[in-house]
Amino acid sequence: MNDKHGLLSAPINQTLRKMTIPMVFGLFAIIMFNVVDTFFISQLGTEALAAVSFTFPITFAVNSVTLGLGVGIAALVGRLLGQGDHQDAARVSTHGLLLALLLVMLVGWLGAATIVPVFSALGASKDLLPLIHEYMQIWYLTIPLLVVPMAGNAAIRATGDTKTPAKIMMVSGLINGVLDPLLIFGLGPFPELGVQGAAIASALSWVGAMLAALIVLTRREQLLIAPQWQQIGTDVSQILKIGMPAGMTNALNPAAAAILMMMLASQGTESVAAYGAAQRIEAILLIVMMAMTSSLTPLMSQNFGAQYHQRAFQALFSAMRFAILFQFALYLSLWPFIDLIADVFSDDVRVQQEIAHYLMVVPASYGLQGTLMLLVGGLNAMKRSLHSFACNLVRLFVFLVPCAWLGGIVNGTHGLFAGIAVANLLAGIMAYLYAVVLRRQTLASSLPV
């Protein structure tokens, strides 16, 4: 048994910590990638910030295609590696990468052709549509560049190596951070491109990440080989069986965000701008949960592949307990800095107030939100991506949207934010109880997971 990263034998908490810490730094670089975009774009004014905020649900939806396929690739590659089948793992990784590239190219082409009608339907005003078009036409054209590092990093993580993907993400974030002010404001010899400059800076950073991921996959991990056309149909089918529900699970988030955006649009441009900025801050506050979920999936995948079911569930519940304690401590430590953070993202007093209120209310629920995130990662590792889809569907459209809607009716934007927090709490309780039932059923069954 090849267990070079200790996923099958090392102490659970030690393994999770070793895998999660590098991912925190990598994800922080990507999140700062977005925060830097938001900060520099906010210097262009509230309209520019609101315009780019409108793009978040759509860009996340497109990324969900690759994220979902990455989940399918990682789950299958992890299981095959847990079984000791490296050659089959390389074949699945290669075919998965080709599939992801093809699908995202198609989605990008369709998106570029429908920018105006889609964003008009989301509630963007005629004044914002030109700015949205400037940003999205570049983004759609270049999004295929992001496919290789996203799907490729998923395959690398499936081996148990989270340090290399983290380094790739950090380099990408650094490139974006340097290029953003140069291309947005036209510093030195660079042209002043405004919001379009932010999109171009992102694209150039993706090129660097793509090249790095390809080198690691081919030379070190040997997880990219010549396509084996006689088996590509079988592999694609297996990847889609996991990846499509996982992709839909991810796509549910921007769908719900789009609904929330429409609710907030009725409250005014300031509320939309505040929500967009708060979402970027939220990503930082949930970074450890995202990193741990990314680490938990390959850990559980390899253990299920090796038939170590008890060990896999031990990892899941250890992660859930940590999520609740860590996020509560983080929430308490956030309070002294709320006003300062809000001031950084806008000069508009109304926007600052709405950002501050969001940070006072919603992060209190992140611990239980983290339990749901971890459960979704665990279900994908078990190849139960339809179950993860159902859990997220309930969270978003049984809890989140109705609670936010009711809160908005009762107390406007502030009530809507309170509704988001209540929904997160309900979803987290549901996730923990479901994990308890799932563990009991799985360990009592003699059938393979």
Side-chain angles (χ1 to χ4, degrees), residues 31 34 38 50 53-54 56-57 60-61 64 122-123 249-290 293 323-324 326-328 330-332 334-335 338 341-342 345-346 350-376 391-432:
I31 291 168
N34 293 322
T38 301
S53 296
F54 266 108
F56 295 165
F60 195 93
S64 294
L122 286 178
T249 299
N250 288 320
L252 288 174
N253 294 307
I259 295 172
L260 293 179
M261 194 69 76
M262 287 188 281
M263 294 180 189
L264 288 162
S266 66
Q267 305 288 334
T269 300
E270 292 84 0
S271 292
V272 173
Y275 180 69
Q279 288 296 285
R280 298 297 178 95
I281 301 165
E282 177 175 277
I284 295 176
L285 298 178
L286 285 171
I287 189 170
V288 174
M289 295 301 98
M290 290 186 283
T293 301
I324 293 170
F326 176 82
Q327 290 298 149
F328 183 69
L330 184 62
Y331 171 65
L332 294 179
L334 175 69
W335 267 82
I338 286 176
I341 294 170
F345 282 91
S346 180
R350 167 79 189 282
V351 175
Q352 291 173 353
Q353 291 172 344
E354 299 295 5
I355 292 172
H357 187 78
Y358 188 98
L359 297 178
M360 290 176 187
V361 174
V362 180
S365 65
Y366 287 167
L368 284 170
Q369 182 179 345
T371 67
L372 181 73
M373 294 167 64
L374 293 163
L375 175 66
V376 166
C391 287
N392 215 31
L393 184 70
V394 170
R395 172 193 167 240
L396 295 174
F397 295 101
V398 175
F399 296 143
L400 180 62
V401 171
C403 287
W405 177 71
L406 288 172
I409 291 176
V410 173
N411 195 27
T413 303
H414 289 185
L416 193 151
F417 291 164
I420 293 173
V422 171
N424 287 339
L425 293 171
L426 293 173
I429 294 170
M430 173 197 72
Y432 190 86

All side chain to side chain donor-acceptor pair (under 3.5 Å) counterparts of [X], not counting sequence neighbours:
X      : result
Glu270 : none
Trp405 : none
Tyr432 : none

Please list, chain by chain and in numerical order, all residues satisfying side chain to side chain contact (heavy atoms under 4.5 Å, CB included) with [X], sequence neighbours excluded.
X      : result
Glu282 : Gln279, Leu286, Tyr358, Val362, Tyr366
Ile429 : Leu368, Leu433
Ala418 : Val361

Can you pull the salt bridge (charged side-chain N to carboxylate O under 4.0 Å, His left out) pairs that have at least one residue in residues 351-372, sequence neighbours excluded?
Arg350-Glu354

Do [X] and [Y] have side chains that get closer than 4.5 Å, going by heavy atoms?
X      : Y      : value
Leu260 : Ile420 : yes
Ile324 : Thr371 : yes
Leu330 : Pro363 : no

Can you name the nearest heavy-atom pair linking Ala356 to Ala342, along with the distance?
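Scanning both residues completely, I find the closest heavy atoms to be N-CB, 4.1 Å.
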
Looking at Ala323 and Met289, what are the two nearest heavy atoms and their distance?
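In terms of heavy atoms, the two residues are closest at CB-SD, 3.2 Å.
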
Under the ring pair (Phe, Tyr, Trp, His ring centres under 6.0 Å) test, residues paired with Phe328 that sit two or more places apart:
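For Phe328 there are no ring pair (Phe, Tyr, Trp, His ring centres under 6.0 Å) partners, ignoring immediate neighbours.
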
Under 3.5 Å, is there a donor-acceptor pair between the side chain of Gln327 and the main chain of Leu285?
yes

If we ignore hydrogens and angles and just use 3.5 Å, is the side chain of Ser365 paired with the main-chain N or O of Leu425 as donor and acceptor?
no

Side-chain donor-acceptor contacts of residues 395-402 below 3.5 Å, not counting sequence neighbours, with atom names and distances?
unit_1: Arg395; atom_1: NH1; unit_2: Asn253; atom_2: OD1; d: 3.4
unit_1: Arg395; atom_1: NH2; unit_2: Asn424; atom_2: OD1; d: 3.3

How far does [atom1] of [X] sit from [atom2] of [Y], to the nearest 0.5 angstrom?
X      : Y      : atom1 : atom2 : value
Met261 : Ser271 : CE    : OG    : 11.0 Å
His357 : Leu416 : NE2   : CG    : 10.0 Å
Leu359 : Ile281 : CG    : CD1   : 5.0 Å

